[in-house]
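Let me begin by presenting the structure, written as structure tokens, before commenting on it.
No experiment lies behind these values; they were computed from the predicted model shown.
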Amino acid sequence: DKYPRNVSVYAMPEQGYGACYNRVRDLAGDFEYVHFTNTATFVKASALAKMEGRIRNQKDVGIWSFYPMTLQANGSRKAYLPFPKSNYRQSNSKFDRFSMYLPGYLIRSNLPKGEWFDENAPEDADVLFLMRVVFAGKDYMLTDIPLDCKEPFENDYYNYRRQFNPA
């Protein structure tokens with residue numbers, strides 16, 4: 001509500017994530033940054049304002065990562081990764097702090113040149129897109145600005161056991 005000119009919401013109930021995100025990608029050229037999100041992700045207006053201030057101070061960075069936190073049943077929050085509690089410029093050649101959670105990023109809208117979401121990928125169109133964009137961008141900025149979500153992250157062993165113990 002605090003950013004009515006800067007935030008657009010699109011509902012495409014009959015489409016998969018790849019098609020929905022490609023539609024947003026089509027429209028992103030009208031904005032400086034794009035945030036591919038979903039209904040399980042929450043970011044406060046104060047967090048957006050803080051992120052905007054950091055972006056304005058470092059215009060050379062095209063990819064900004066929030067500090068993703070998943071909301072637990074008991075009301076606590078669990079961090080995706082143990083990021084430093086401050087801005088931290090990360091090279092795309094270092095994978096120890098790379099979050100594969102697409103809603104956790106703000107991406108300069110002109111950065112993913114020629115990159116689109118694979119609408120035929122059953123599950124990981126968002127991860128494939130994010131990896132290509134980060135590699136094209138060379139580096140990205142991790143921040144301490146929180147972003148909450150109600151879904152488990154893929155590095156959660158309890159919810160994604162097959163990823164850790166392939167058959």
Side-chain angles (χ1 to χ4, degrees), residues 10 12 15-26 28 31 33-44 47-48 50-51 54-55 58 61-73 76-167:
Y10 298 93
M12 298 172 62
Q15 303 293 319
Y17 279 108
C20 292
Y21 286 149
N22 278 333
R23 177 70 176 131
V24 172
R25 176 76 181 90
D26 285 340
F31 301 95
Y33 282 83
V34 62
H35 180 219
F36 298 98
T37 191
N38 57 43
T39 57
T41 304
F42 307 92
V43 62
K44 294 180 180 177
L48 284 174
K50 192 173 185 180
M51 183 68 87
R54 293 200 183 160
I55 289 171
Q58 287 191 279
V61 178
I63 302 169
W64 289 78
S65 175
F66 286 98
Y67 186 63
M69 310 281 280
T70 188
L71 300 171
Q72 305 293 300
S76 67
R77 297 158 78 199
K78 180 179 177 185
Y80 181 97
L81 290 172
F83 294 154
K85 293 290 184 180
S86 63
N87 280 354
Y88 181 76
R89 196 165 190 149
Q90 180 73 39
S91 164
N92 69 5
S93 65
K94 304 252 186 207
F95 302 107
D96 59 330
R97 300 203 184 273
F98 179 71
S99 161
M100 290 187 286
Y101 189 61
L102 180 64
Y105 289 88
L106 280 174
I107 302 169
R108 186 174 290 134
S109 62
N110 68 355
L111 181 63
K113 294 175 182 156
E115 298 295 345
W116 298 94
F117 292 88
D118 182 350
E119 295 182 21
N120 296 314
E123 292 289 329
D124 293 328
D126 54 344
V127 174
L128 295 170
F129 175 83
L130 182 59
M131 288 174 60
R132 289 191 307 262
V133 169
V134 168
F135 288 127
K138 307 292 185 239
D139 60 4
Y140 55 99
M141 186 69 76
L142 302 174
T143 70
D144 60 348
I145 301 170
L147 174 131
D148 293 329
C149 76
K150 287 187 174 181
E151 58 189 351
F153 300 125
E154 79 282 345
N155 62 357
D156 181 330
Y157 175 79
Y158 179 77
N159 290 291
Y160 293 95
R161 289 186 188 163
R162 287 187 1 221
Q163 178 170 306
F164 293 93
N165 298 312

Who pairs with Thr37 by side-chain contact (heavy atoms from CB on, under 4.5 Å), at least two apart in sequence or on another chain? His35, Thr41, Pro103
Could you tell me which residues satisfy side-chain contact (heavy atoms from CB on, under 4.5 Å) with Arg25, sequence neighbours excluded, listed by chain and number? Phe36, Pro112, Trp116, Phe129
Determine, step by step, whether Arg77 and Leu71 satisfy the side-chain contact (heavy atoms from CB on, under 4.5 Å) criterion, reporting the C-alpha distance in whole Å, the side-chain angles of both residues, the deciding distance to 0.1 Å, and the verdict. CA-CA 5 Å; Arg77 297 158 78 199; Leu71 300 171; 3.6 Å; yes
Any Phe66 side-chain heavy atom under 4.5 Å of Leu106 side chain: yes
Could you tell me the separation between the OH atom of Tyr33 and the CD1 atom of Ile107, rounded to the nearest 0.5 Å? 10.5 Å
Say whether, by atom type as modelled, one donor and one acceptor occur between the side chain of Thr143 and the main chain of Ser65 under 3.5 angstrom. yes
Taking all non-hydrogen atoms of both residues, which atom of Phe117 and which atom of Ala125 are closest, and how far apart? CD2-O, 3.6 Å
Could you walk me through whether Ile145 and Arg54 pass side-chain contact (heavy atoms from CB on, under 4.5 Å), step by step? CA-CA 10 Å; Ile145 301 170; Arg54 293 200 183 160; 3.7 Å; yes
Distance from Met141 atom CE to Met51 atom CE, nearest 0.5 Å? 10.0 Å
To the nearest 0.5 Å, what is the distance between CD1 (Ile63) and CG (Leu142)? 11.0 Å
Give the minimum heavy-atom separation between Tyr67 and Asp144, together with the two atoms involved. CB-C, 3.8 Å
What closest approach, in Å, do Pro68 and Tyr101 show between heavy atoms, and which atom pair accounts for it? CB-CD2, 4.3 Å
Restricting to pairs with a member in residues 99-112, which pass salt bridge (Lys or Arg N to Asp or Glu O under 4.0 Å), not counting sequence neighbours? none
Locate the shortest heavy-atom distance separating Ala47 from Pro146; write the atom from each residue and the value. CB-O, 4.0 Å
Would you call Val133 and Tyr105 a side-chain contact if the rule is heavy atoms closer than 4.5 Å? no
